[in-house]
Amino acid sequence: MSDAPRAAELRELLRRHNHAYHVLDQPTVDDATYDLLLRELQSLEEADPALRTADSPTQRVGAAASTAFAEIAHLQPMLSLANARDIDELVAFHERVVRLLAAAGIDEPPTYVTEAKIDGLAISLLYRDGVFERGATRGNGEVGEDVTANLRTVRTLPLSFGDPQAPTLVEVRGEIYIPRAAFDRMNDERAAHGLPVYMNPRNTAAGSLRQIDPRQTATRPLALWCYAVGVLDGVAFASHHEALAWLGARGLPINPLTAVHRSIESVVAECARIGELRPSLPYDIDGVVVKVDAIAMQQALGSVGRDPRWAVAFKFPATTRTTRLLDIRVNVGRTGALNPYAVLEAVEVGGVTVRMATLHNEEDIHRKDVRVGDTVIVQRAGDVIPQVVGPVLDLRPDGAVPFAMPERCPACSEPIVKPDGEVQHRCLNLRCPSRGLELLRHFVSRGALDIEGVGDKLVARLFELGLIARPSDLYRITQEQLEGLDGFKERSAANAVASIAASRGRPFGRVLFGLGIPHVGEVIAQAVARHFGTVDRLAAASAQEVADVEGVGSVIAEAVVGWFADADNAALVADLVALGVNLELGADERLAVGHLTGTAFVITGTLSVPRAELEARIVAAGGKIAGSVSACTDYLVAGEAAGSKLAKATRLGVAVLDEAGIVQLLAASA
DNA sequence: CGGCCTCGAGTTCC
DNA sequence: CTCGAGGCCG
């Protein structure tokens with residue numbers, strides 16, 4: 001029997017996914033699935049080299065795009081920007097800046113720099129001794145992908161400063177884009193050669209930068225504007241505009257739509273002016289970036305989360321289109337929340353076809369007054385997520401009726417309730433099939449148990465077939481059961497079973513997150529796991545004790561205690577434990593560097609240092625000091641002649657440290 | 001008690 | 001990405 005037909009099928013599949021990924025920049029499968037297909041083809045070709053055609057995706061260097069680029073940590077995180085959608089928000093930004101500066105003892109009015117916000121791809125460039133060394137995509141802001149080879153092909157990127165006095169290290173921030181005219185020319189050429197044309201400049205720039213072969217990238221008309229210095233050795237700027245001038249003097253391209261303003265009125269006028277220029281500019285922009293000019297003021301203002309408080313992005317209104325609202329349907333989420341969504345007649349918005357959009361909740365639908373049959377205005381929020389803005393009332397058909405939430409759950413027919421003061425309608429049935437399925441999806445998802453090879457589709461199928469109803473059922477799935485499903489090959493069945501088994505060792509915090517306790521997301525789950533150490537101690541805790549966890553108040557604490565009080569949930573936990581799923585903190589987690597945050601200590605007995613000093617050091621490392629030992633205590637620090645507290649700790653199974661032990665723990669966390 | 005900040009939850013496209 | 005809401009600080 002020949003594998004040739006399967007090999008041909010795989011080649012075609014991979015070719016199509018590749019095209020979608022690189023040319024359209026719209027992946028059709030996740031990386032893991034792609035890798036799986038590629039590996040299957042590779043093994044077929046190894047078994048029978050005659051199957052290896054010259055155009056096989058296995059012959060393209062680094063065809064497994066997911067692993068082709070090394071990760072690079074930015075010297076300084078690449079921040080994001082808060083948005084101002086209108087002039088009021090811009091003025092509010094200014095007022096906040098003034099207020100915060102005054103609070104920091106600076107009464108001088110701020111000067112601003114405005115820059116056109118280029119609709120491209122943020123990158124970071126590193127110059128060592130004035131020579132371009134490497135460049136990376138923004139990634140998650142902390143870590144990006146190394147695209148040095150591709151960046152070298154960007155003709156306006158200087159490979160060196162030509163400056164003998166260049167500082168040792170300069171990190172430059174910029175935006176890679178494709179000028180409109182060049183984009184159109186490229187598409188004309190492609191069309192002439194019978195090649196598919198690209199959808200929009202931004203996605204094409206993104207795809208081009210992630211080409212495996214830099215020679216491909218070199219054929220794309222990429223360009224660069226630089227807008228900031230990340231890190232710079234030896235040169236200190238007093239202002240942002242000086243930094244830009246410094247970059248410009250070294251050959252880095254600075255966008256000409258850059259100006260300094262002495263008042264917010266001037267900034268507002270500039271936003272309007274650039275908005276008018278927008279259609280005639282030779283490249284796409286999506287707003288205006290406004291930055292406080294003085295570096296000293298920037299430092300005084302600082303940042304909140306990822307957003308600096310000294311800068312804001314004034315966003316131009318999103319491009320909108322109209323289409324028909326065909327239907328309003330309702331999903332039931334993991335928490336029982338009813339989420340209405342719009343089914344739309346397919347429409348192109350900003351280079352993407354939109355067919356669905358969330359409508360959030362009933363209140364939202366009524367506020368917008370959209371009805372089935374309406375012609376509605378659709379936009380993409382932040383140019384990404386499709387949104388229904390509102391109806392075109394003139395085009396409303398006769399007899400269009402306002403939307404009403406179903407009175408019974410569309411999944412389980414139980415009555416729907418809307419608690420007072422809440423926006424969401426809910427299905428309270430804990431056994432609602434929709435909720436069960438959504439919980440399973442959540443359980444296997446990335447941030448939780450992260451079970452590779454078991455995605456939404458497989459989970460839904462197994463759920464429908466009745467093979468899994470609760471998370472613990474996953475661990476009883478056999479390879480044979482999976483192979484019984486059509487379209488499921490032996491290899492992927494084995495992979496899925498293996499990754500399910502491997503997920504049993506996930507850290508406690510992630511498993512806890514996977515349980516889907518209301519209000520307990522990734523962060524809270526982690527904090528709770530750290531605090532209690534084991535599920536048993538968590539399950540035995542009172543709401544009062546749970547509320548001791550940092551960031552947990554009465555609402556979340558009640559939710560946690562209530563969850564464990566439910567017999568089914570308790571049974572699920574017991575089942576998971578019996579199946580070998582990890583539900584306690586690993587020793588390494590307890591001792592992990594800088595991780596005393598949320599850890600509760602009790603000190604007893606006589607120590608060689610003053611107790612206050614030891615307490616201060618524990619608190620400095622993020623730990624908490626309690627007066628008496630309870631189930632919530634992580635460590636009892638016992639000195640000489642410890643008495644009843646030590647006895648109680650031993651009885652409760654609380655870890656006990658001697659003085660050397662706590663010193664070691666503190667050192668490990670420094 | 002009010003305002004800010006952080007977190008949770010649901011989400012769209014291919 | 002965005003909205004809503006819980007938590008916490010002043």
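Throughout, protein chains are lettered first and strands after them, A, B, ... in sequence-line order, and every chain is numbered starting at 1.
Residues A:Glu348 and A:Thr353 bring a donor and an acceptor atom of their side chains to less than 3.5 Å of each other.
Within residues 336-344 of chain A, the residues that have a heavy atom under 4.0 Å from DNA chain B are, in order of number, A:Asn339. Listed by residue number, there are no residues of residues 402-410 of chain A with a heavy-atom contact under 4.0 Å to DNA chain B. Residues from residues 552-562 of chain A that place a heavy atom under 4.0 Å from any atom of DNA chain C, listed by number: A:Val552, A:Gly553, A:Ser554, A:Val555, A:Ile556.
For the side chain to side chain contact (heavy atoms under 4.5 Å, CB included) criterion with A:Val372, the lone passing option out of A:Val343, A:Leu326, A:Asp327 is A:Asp327.
A salt bridge links A:Arg371 with A:Asp369: the closest approach of a Lys/Arg side-chain nitrogen to an acidic carboxylate oxygen falls below 4.0 angstrom. Salt-bridge formation is detected for the pair A:Arg441/A:Glu438: a Lys NZ or Arg NE/NH1/NH2 atom is positioned less than 4.0 Å from an Asp or Glu carboxylate oxygen.
Rounded to whole Å, atom C1' of B:dG8 lies 9 Å from atom CD1 of A:Ile524. The distance from atom CG of A:Asp456 to atom C1' of B:dC13 is 14 Å, rounded to the nearest whole Å. Straight-line distance from the CZ atom of A:Arg329 to the P atom of B:dT12: 12 Å, rounded to whole Å. For the pair A:Asn361 CG and C:dC3 P, the computed distance is 11 Å after rounding to whole Å. Atom C1' of nucleotide C:dG7 and atom NE2 of A:His519 are separated by 12 Å, given to the nearest angstrom. What separates CD of A:Gln387 from P of B:dT12 is a distance of 12 Å, to the nearest Å. In this entry the distance linking CG of A:Leu81 with P of C:dT2 reads 13 Å, nearest Å. To the nearest angstrom, P of C:dG4 lies 7 Å from CG of A:Asp364.
The backbone N or O of A:Ala559 sits nowhere less than 3.5 Å from a side-chain atom of A:His519 that would complete a donor-acceptor pair. A donor-acceptor pair under 3.5 Å is absent between the side-chain atoms of A:His531 and the main chain of A:Gln526, judged by distance alone. The backbone N or O of A:Ala448 lies less than 3.5 Å from a partner atom in the side chain of A:Arg510, making a donor-acceptor pair.
Summarising the geometry of A:Pro340 relative to A:Glu362, their closest heavy-atom pair is CG-N, 4.4 Å, with the distance given to 0.1 Å.
A distance of 9.5 Å separates CZ in A:Arg138 from CZ in A:Arg173, rounded to the nearest 0.5 Å. Expressed to the nearest 0.5 Å, how far OG1 of A:Thr204 lies from CG of A:Leu209 amounts to 12.0 Å. Atoms CD and CD, from A:Gln424 and A:Glu363 in turn, are 10.0 Å apart once rounded to the nearest 0.5 Å.
When distances are taken from the side chain of A:Thr335 to each of B:dC4, B:dG10, B:dG8, the shortest belongs to B:dG10. Listed nucleotides: B:dC7, C:dT2, B:dC4. Nearest to the side chain of A:Asn83: C:dT2. Closest to the side chain of A:Thr353, from the set B:dC14, B:dC4, B:dG8, is B:dC14. The side chain of A:Pro386 lies closest to B:dT12 when the candidates are B:dC7, B:dT11, B:dT12.
The residue among A:Arg96 and A:Gly516 whose nearest nucleotide of DNA chain B lies closer to the 5′ end is A:Arg96. Both A:Arg309 and A:Gly521 sit near DNA chain B, but only A:Arg309 has its closest nucleotide nearer the 5' end.
The ring of A:Phe513 has its center closer than 6.0 angstrom to the ring center of A:His442.
Among the heavy atoms of the strands, none lies under 4.0 Å from A:Gln424.
In this structure, A:Arg334 reaches the B:dA9 phosphate: one of its side-chain N or O atoms is under 4.0 Å from OP1 or OP2. Contact annotation: A:Arg99 does not reach the phosphate of B:dG3 (side-chain N/O to OP1 or OP2, under 4.0 Å).
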